[in-house]
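See below for the structure under consideration.
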Amino acid sequence: MQKDNSAPSTPTSARARHRRRSNEFPADESKTNGHLLLVNDHNKYRSMWIRACSSLWMLGFFLLVIYLGHLYVLAMVVIIQIFMARELFNLLRKAHEDKHLPGFRLLNWHFYFTAMLFVYGRILSHRLVNTVTSDKIFYRLVSRLIKYQMVICYFSYIAGFMWFILTLKKKMYKYQFGQFAWTHMILIVVFTQSAFTVANIFEGIFWFLLPASLIAVNDVAAYFFGFFFGKTPLIKISPKKTWEGFIGASVATTISAFVLPSTEIAILPVQWHALWLGLFASIIAPFGGFFASGFKRAFKIKDFGDSIPGHGGLTDRMDCQMVMAVFAYIYHQSFVVPQDYTVETIMSEILSSLTLEEQQILYMKLGQILQERMFGRN
């Protein structure tokens with residue numbers, strides 16, 4: 001009689017088993033996905049339909065936000081950042097450990113909103129002052145907030161730091177310090193790059209819209225060229241990417257960059273700027289997606305989330321956009337913005353740095369100087 005060697009199910013083994021999340025790789029797929037090209041995928045048309053519907057929905061929402069104006073675009077960027085942070089925070093979460101650390105998740109969000117106040121406060125300070133100069137009460141309130149913003153952010157961070165120290169528990173140190181480091185890495189990655197996106201918005205909606213559109217064009221072109229013609233794998237960490245898709249998308253994006261800003265047959269100066277943006281979007285920005293692919297494989301997940309059907313999470317859609325936003329800002333500041341002072345720059349400094357009384361004194365003195373010069377000419 002053959003003895004049954006199978007071990008009985010224990011509570012420990014039952015806890016060890018868990019239901020696979022929708023964004024995780026199946027065990028067999030992770031071994032064979034190096035050969036799964038879109039051109040050989042039997043379900044590719046169903047996948048394309050789902051992606052197309054999601055893309056049209058996102059496009060309609062994006063156009064509506066652009067139509068509503070700068071502040072709504074800024075609000076959209078903030079909401080996207082919050083969802084990205086949520087997806088990344090959940091990536092290393094362990095439900096069993098979190099049960100023993102009540103309120104520990106709130107600490108991550110405390111650091112997140114402190115960083116948001118610091119980064120966006122620095123960027124928006126001049127714009128906020130300029131919008132409320134007609135009202136003395138709001139002007140003083142905003143001026144005070146701008147003046148003490150760094151102090152407020154610093155002590156908010158110190159409060160979170162003390163909160164973290166006070167919540168440390170024995171046998172949980174490694175998990176807690178790992179979460180602390182992971183949170184700060186997310187803040188650096190998300191806010192450092194997203195700050196450039198916000199800066200681009202206020203430099204002119206064109207400098208936000210064109211780079212974002214070029215990345216979208218590159219993604220769509222790469223998908224369709226790879227869908228119909230892709231046969232040569234491009235990079236191992238992203239097995240469905242092909243050389244056919246990469247090259248086809250590069251050509252399509254570069255042509256689109258040159259054509260999109262055009263309003264007439266003659267070549268405009270902005271088209272040469274757009275051409276450089278298009279080359280970056282098609283050749284270098286995709287490496288942001290390759291980095292994200294390698295990152296996901298390191299954690300054995302397919303997508304960062306499942307908020308967008310057919311696309312994954314918002315982080316999956318924004319990986320190349322963040323790389324592009326940084327380049328667009330640096331390019332704009334280096335090659336487009338004039339390096340000398342302008343009237344707008346001086347006015348912005350006056351409104352943000354001087355009190356209302358000091359501005360009145362400056363106005364009177366400037367008027368006297370101008371009168372003296374005018375009478376001197378006569």
So, using side chain to side chain donor-acceptor pair (under 3.5 Å) as the criterion, who are the partners of Asn218 when residues are at least two apart?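 Thr253.
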
What are the two closest non-hydrogen atoms of [X] and [Y], and how far apart are they?
X: Ala252; Y: Val217; answer: O-CG1, 4.4 Å
X: Trp243; Y: Pro233; answer: CD1-O, 3.4 Å
X: Ser54; Y: Pro309; answer: OG-O, 2.6 Å
X: His100; Y: Lys169; answer: O-NZ, 2.8 Å
X: His70; Y: Ile205; answer: NE2-N, 4.0 Å
X: Ala222; Y: Ala249; answer: N-CB, 3.4 Å

Does Tyr67 form a ring pair (Phe, Tyr, Trp, His ring centres under 6.0 Å) with Tyr72? I'd like the steps, not just the answer. CA-CA 9 Å; Tyr67 173 77; Tyr72 289 90; 9.9 Å; no

Is there a path of hydrophobic side-chain contacts, each under 4.5 Å between heavy atoms of I, L, V, M, F, W or Y residues, that connects [X] with [Y]?
X: Tyr329; Y: Val73; result: no
X: Phe224; Y: Leu59; result: no
X: Tyr175; Y: Tyr173; result: yes

Please confirm whether the ring centroid of Phe327 lies under 6.0 Å from the ring centroid of Phe196.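 Ring-ring flag for Phe327/Phe196: false, centres at least 6.0 Å apart.
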
Who passes ring pair (Phe, Tyr, Trp, His ring centres under 6.0 Å) against Trp272, sequence neighbours left out?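 Phe258.
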
List for me each residue that meets ring pair (Phe, Tyr, Trp, His ring centres under 6.0 Å) alongside Phe287, sequence neighbours excluded, and say none if there are none. Phe290

Got a second to check how far Gln359's CD is from Ile361's CD1, nearest 0.5 Å?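 These two atoms lie 10.5 Å from each other.
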
If I take atom OG from residue Ser47 and atom OH from residue Tyr223, how far apart are they, to the nearest 0.5 angstrom? 4.0 Å

Within the side chain of [X], is there an N or O that forms a donor-acceptor pair under 3.5 Å with the backbone of [Y]?
X: Glu244; Y: Lys231; result: yes
X: Gln271; Y: Val259; result: no
X: Asp316; Y: Phe304; result: yes
X: Gln176; Y: Thr167; result: yes
X: Ser334; Y: Tyr331; result: no
X: Asp319; Y: Phe291; result: no

Give every donor-acceptor pair under 3.5 Å between a side-chain atom in residues 74-88 and any protein atom, sequence neighbours left out.
from, atom 1, to, atom 2, distance (Å)
Gln81, OE1, Tyr120, OH, 2.4
Gln81, NE2, Tyr120, OH, 2.6
Gln81, NE2, Ser194, OG, 2.7
Glu87, OE1, Leu314, N, 3.4
Glu87, OE1, Thr315, N, 3.0
Glu87, OE1, Thr315, OG1, 2.6
Glu87, OE2, Leu314, N, 2.9

Table please: side-chain donor-acceptor pairs of residues 207-216 below 3.5 Å, with sequence neighbours left out.
from, atom 1, to, atom 2, distance (Å)
Trp207, NE1, His332, NE2, 3.4
Ser213, OG, Leu209, O, 2.7

Decide side chain to side chain contact (heavy atoms under 4.5 Å, CB included) for Phe62 and Met58; before the verdict, give the C-alpha distance in whole Å, the side-chain angles of both, and the deciding distance to 0.1 Å. CA-CA 6 Å; Phe62 182 74; Met58 287 189 292; over 6 Å; no

Crowded around Arg46 CZ? As in, over 12 foreign heavy atoms under 6.0 Å? no

Evaluate whether atom CZ of Phe206 has more than 12 neighbouring non-hydrogen atoms of other residues, nucleotides or ligands under 6.0 angstrom away. yes

Answer yes or no: is there a side-chain heavy-atom contact under 4.5 Å between Met322 and Thr197?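 When only atoms from C-beta onward are counted, Thr197 and Met322 do not touch, as no gap falls below 4.5 Å.
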
Please determine whether side chain to side chain contact (heavy atoms under 4.5 Å, CB included) holds for the pair His311 and Arg51, giving the CA-CA distance in whole Å, both sets of side-chain angles, and the decisive distance to 0.1 Å. CA-CA 6 Å; His311 292 268; Arg51 288 175 66 95; 4.0 Å; yes

Please set out all donor-acceptor pairs under 3.5 angstrom arising from side-chain atoms of residues 150-165, sequence neighbours excluded.
from, atom 1, to, atom 2, distance (Å)
Ser156, OG, Thr114, OG1, 2.8
Tyr157, OH, His184, NE2, 2.8

